[in-house]
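A short write-up of the structure that comes next.
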2 protein chains.
Amino acid sequence: MPTVLLIEDEPSLGLIVKDSLESRGFAVQFASDGEAGLQLFRQQCPDIVVADVMMPKLDGFSLAEQIRRENAAVPILFLTARSQPADVVRGFELGGNDYLKKPFSMDELIVRIKAQLSRQPAAAPAPVGPLAIGRYQFDHPKQKLRFGAQEETLTNREAELLKRLYDQRNQVLERNAVLKELWGDDSFFNGRSLDVFITRLRRCLKDDPQVQIVNVRGIGYKLIL
Amino acid sequence: MPTVLLIEDEPSLGLIVKDSLESRGFAVQFASDGEAGLQLFRQQCPDIVVADVMMPKLDGFSLAEQIRRENAAVPILFLTARSQPADVVRGFELGGNDYLKKPFSMDELIVRIKAQLSRQPAAAPAPVGPLAIGRYQFDHPKQKLRFGAQEETLTNREAELLKRLYDQRNQVLERNAVLKELWGDDSFFNGRSLDVFITRLRRCLKDDPQVQIVNVRGIGYKLIL
DNA sequence: ATCCTGTGTTAAATAGTGTTAACGAGGCAA
DNA sequence: TTGCCTCGTTAACACTATTTAACACAGGAT
């Protein structure tokens, strides 16, 4: 359920909009002037801000400026009786994302709010779920590697090594770095051990030809996706 | 310079908008009906589509539907005399990104176009597909070189060297520069090593006589396509 | 022409890697 | 304890990438 911060100084209009939004499944925070709105914004971190432009204490444009200083991502939608093109331009320049002139229909407001929310990039950039390695799914903490229906359990060393390859995917992962991290030192024999694990990971990953672990002689390995 | 595909059936309005956009630094492709617009879209892959809704042959909504089927990312901005809320809703539901009612000011249109473009996430972060070297396809990260059906795997050094030759294609790639980049220094023996790799790349590329690695005595090599 | 340097090419030498299998330590259950 | 299992290591052998060496030739300068 997305949260909308609504800032509007006309009580009657504010109430109507709030009710309409709530009836469509939005959680609505309401403020009736810019200052109260800013305070609420800081407390609630809403998913989108819908603000009137002409308001007492702190007008919508100044409010937007302040919000942008603190948060570059949250969409801001202006709601206003003004219809001067210059105002619209100013609204966008201050970091607004849309501008709706009064009178407007609730349907249009809602659809524009949805349009803004839908473009929001993956809000949770790292839900630390399984990692995608080609067509494989790799769950590092669980040490599981899935290819479609079949799942296999990796040993600890295999998982740690694959994780490091993944973190450096498409770049070279240096032998010495891994050896010191996982083995503690980079002696000759440990180096051979690493080779053995590379072989094992290659066999695990053989079902997707897109995925390859290529050797960079004398330096290390590269995981290619 | 962003490319705008403008589709508008009123010639006078279309012309005005086109000129205004061009004067603001946009490249404009213009079509006066939906079918022509769709065709132009396929040819030009514009950065944004600005389309009238009521048009002969193929209306703006149907056009948007078709475009979305082929490209989920490009922003679509509707431009229309209709002002029924239901239309606005329909426009967004079909995958439109903004909806501007006539009459509108050019400033507002431009600012809304910019708002759409600016939110475009680095659309193609790195589609870095295979590079074309004559009739060969060279996939640098995968170190693969394909000639028609047959594919061969290059060693790391071969791939790195070929990449540098490609980046400087039809220009001289200096011996010293490559030696310092790939070998770390430019001693005599490493120089001979480089010669050996040039020989091997020549053999790899021998099937297309168009492609040649020519020597520039005392300086370096040139990859000719 | 003659010399000298830079390059083309091939082959041998070396060091780094691929792969498989055997081994040994530790865990766990009977 | 014993037996069995798993994981990680070590060993052995095959193979590959890169370097080094060797010889041949091309181009420019004296």
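By convention in this document, chain letters (A, B, ...) are assigned in the order of the sequence lines, proteins followed by strands, and residues within each chain are numbered from 1.
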If the cut-off is 4.0 Å, is Trp183(A) near the phosphate of dG8(D), judged by side-chain N/O to OP1 or OP2?
no
Does Arg217(B) have a side-chain nitrogen or oxygen under 4.0 Å from the phosphate oxygens OP1 or OP2 of dA26(D)?
no
Closest to the Val196(B) side chain: dT9(D), dT17(C), dA21(D)?
dA21(D)
Once you round it to whole Å, what is the distance between P of dT18(D) and CG of Asn215(A)?
8 Å
Using the side-chain heavy atoms of Asn190(A), tell me which of these nucleotides is nearest: dT10(D), dT18(D), dG8(C).
dT10(D)
Is there a donor and acceptor pair, one atom on the side chain of Arg192(A) and one on the base of dA11(D), closer than 3.5 Å?
no
Does OP1 or OP2 of dT19(D) have a side-chain N or O of Ser193(B) closer than 4.0 Å?
yes
Between Arg200(B) and dA17(D), is there a side-chain N or O to OP1/OP2 distance below 4.0 Å?
no
How are the rings of Phe61(A) and Phe78(A) set relative to one another: parallel (under 30°), tilted (30 to 60°) or perpendicular (over 60°)?
perpendicular
Distance, rounded to the nearest Å, where Glu174(B) contributes CD and dT7(C) contributes P:
12 Å
For Glu174(B), does the CD atom sit with more than 12 other heavy atoms under 6.0 Å from it, leaving out its own atoms?
no
Whole Å only: how far is the CZ atom of Arg175(A) from the C1' atom of dA17(D)?
14 Å
Specify the separation, in whole Å, of atom CG of Asp195(B) and atom P of dA21(D).
15 Å
Looking at Gln39(B), I'd like to know if its CD atom is crowded, meaning that more than 12 non-hydrogen atoms belonging to other residues, nucleotides or ligands lie closer than 6.0 Å.
no
Whole-Å gap separating C1' (dT14(C)) and CZ (Phe189(B)):
14 Å
Whole angstroms only, please: what is the CZ-C1' distance between Arg202(B) and dG8(C)?
7 Å
So do Asn170(B) and Ile224(B) actually touch side chain to side chain, heavy atoms under 4.5 Å?
yes
If you draw a 6.0 Å radius around CZ in Arg146(B), do more than 12 non-hydrogen atoms from other residues or ligands fall strictly inside?
no
Whole angstroms only, please: what is the CG-P distance between Asn156(B) and dG18(C)?
12 Å
Can a side chain N or O of Tyr221(B) be found less than 4.0 Å away from OP1 or OP2 on dG6(C)?
no
Grab the CZ-C1' distance between Phe197(B) and dT16(D) for me, whole Å please.
11 Å
Thr155(B) side-chain N/O to dT18(D) phosphate OP1/OP2 under 4.0 Å
yes
